Amino acid sequence: MTNPQSDAASAWTPLAFIDQQVAEIKETVGSGRVLCALSGGVDSAVTAALLQRAIGSQLTCVFVDHGLLRAGEVEQVRGDFVAATGVTLVFRDESNRFLDALAGVIDPEQKRKIVGREFIRVFEDAARQIAKETPIDFLAQGTIWPDVVESGSEDGSGKVKSHHNVGGLPDDLQFKLIEPVRTLFKYQVRDVGTALGLPDAMVWRQPFPGPGLGIRVVGEVTRERLDLLRMADAIVRQELAASDLNRSVWQFPVILLGDVHSTGVEGDARTYGNTVVLRPITSKDAMTAEWARLPYELVAKISTRITTECPTINRVVLDVTSKPPATIEWE
Ligand code: XMP
């Protein structure tokens, strides 16, 4: 599959890309209205910022809490993103709906499909509410080039995983899709975000998958297991930020293992508890990745904090596999 942006890689600049996209969006959208699916990540934030520059008040952003977000993320989007961009934001807490739909599901691809399907349905519902005055014509998504490649394509590229923002659309989709950053790699999306004036904290946020912690809880996704993972993940993010390695570590998934339990010791008693995996990686575009050689002191601090502060977690392991052969996420 050929990436139109990398064909002209030497000529690529964020400012030229912005000009070209603003013109294209204006032409495509006309006087229509656009809903932008915000995930909290840089891809959808840059997508929304581009759209806002192109069509301003014709854009409404919708942010859905699917119950699979990390600690503090809802507040970050509702606070920081709105303050930085001034977009109109509709917020929906749909965590019960998503967790009900995921109950009992252990297959990762199935989880992705369910999250994708519910997302679209929630957006359709949100659109109906918003469209009471003027109809919504387009759904904007922050799909980027690696998502397109890994979801396979009509030209025969192999399917690796069905990313929810490409593969899980239901047949009864009622919007036209608009995906202005679908030809970009992550580093290009970041350049565009900076050129659009988004704050560093947003531009340098680590990529986070659409299905969120749903694919980092291995096996069945329950509220209790999500809460436990959230606690461990927050510790990792705090320690990483304190270590100043945020920009060199591309992503740092924390995974709560499913069927595997771990024997431990607490005081005089044996425990039989949970294991989390630390998956820090370095990468340029998520297509390939190296496991990050973090300082042992940092790993030790994270491990001690997690086993001390997170009830039932009695073992922390470090994933030292590159991509390929392993993917970044475990599911
Ligand atoms: P993998 O695990 O395939 O991940 O090496 C590559 C990049 O994609 C992210 N990822 C996803 N993003 N929906 C998304 O929006 C998904 O289903 C999904 N699965 C993986 C992953 O976090 C990494 O950045």
Side-chain angles (χ1 to χ4, degrees), residues 36-47 63-64 66 68-70 73 77 98 101-102 105-120 123 139-153 157-169 177 179 181-182 184-190 204-218 221 229 233 236-237 240 246-256 277-292 319-331:
C36 184
L38 276 186
S39 70
V42 60
D43 303 340
S44 58
V46 170
T47 297
F63 178 49
V64 177
H66 52 18
L68 307 167
L69 296 166
R70 292 174 296 187
E73 290 197 313
V77 174
F98 281 82
L102 286 168
V105 178
I106 56 168
D107 176 66
E109 290 297 274
Q110 204 49 33
K111 290 182 186 177
R112 284 187 168 83
K113 291 224 158 70
I114 289 169
V115 173
R117 181 193 73 206
E118 295 302 318
F119 242 112
I120 294 296
F123 278 118
L139 176 68
Q141 293 195 129
T143 308
I144 68 169
W145 187 245
D147 302 335
V148 175
V149 172
E150 296 218 340
S151 292
S153 76
S157 305
K159 178 176 163 142
V160 177
K161 289 175 184 172
S162 58
H163 288 258
H164 92 265
N165 46 1
V166 181
L169 303 177
L177 272 187
E179 298 176 314
V181 297
R182 71 178 277 129
L184 301 188
F185 289 103
K186 183 71 81 182
Y187 70 92
Q188 293 173 309
V189 176
R190 290 200 164 118
W204 285 97
R205 189 179 187 135
Q206 288 178 5
F208 187 63
L213 299 181
I215 55 165
R216 292 186 180 171
V217 169
V218 172
V221 180
L229 177 55
D233 178 79
V236 167
R237 285 190 293 143
L240 190 68
N246 254 339
R247 287 195 188 188
S248 50
V249 173
W250 168 271
Q251 260 178 298
F252 198 151
V254 181
I255 295 104
L256 178 64
V277 179
L278 307 179
R279 176 75 169 128
I281 56 118
T282 55
S283 180
K284 274 199 162 55
D285 53 20
M287 311 267 277
T288 61
E290 269 288 313
W291 60 276
D319 184 340
V320 291
T321 330
S322 295
K323 173 184 178 179
T327 52
I328 294 170
E329 304 293 344
W330 268 47
E331 286 206 325

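All figures in this text were calculated on a predicted structure; none of them were measured in a lab. We count ligands from 1, going down the list as the structure has it; atoms in each ligand are counted the same way.
Using a 4.0 Å cut-off between heavy atoms, Glu329 contacts ligand 1 through both its backbone and its side chain.
Set against the non-hydrogen atoms of Gly210, the atoms of ligand 1 under 4.0 Å away are 12 (N), 13 (N), 14 (C), 15 (O).
Taking every heavy atom of both residues into account, His66 and Phe119 meet most closely at CD2-CE1, 3.4 Å.
The side chain to side chain donor-acceptor pair (under 3.5 Å) search around Gln110 returns none, not counting sequence neighbours. In this view, Arg190 satisfies the side chain to side chain donor-acceptor pair (under 3.5 Å) rule with no residue, not counting sequence neighbours.
Taking 4.0 Å as the cut-off between side-chain N and carboxylate O, Arg216 and Glu329 count as a salt-bridged pair. Salt-bridge check for Asp43 with Lys186: passed, with a basic side-chain N closer than 4.0 Å to an acidic carboxylate O.
Across Lys323, Met287, Gln141, heavy-atom proximity to atom 6 (C) of ligand 1 is greatest for Lys323. Relative to atom 23 (C) of ligand 1, the option among Lys111, Gln251, Glu331 with the closest non-hydrogen atom is Gln251.
The shortest N or O to N or O distance between Pro211 and ligand 1 is not under 3.5 Å.
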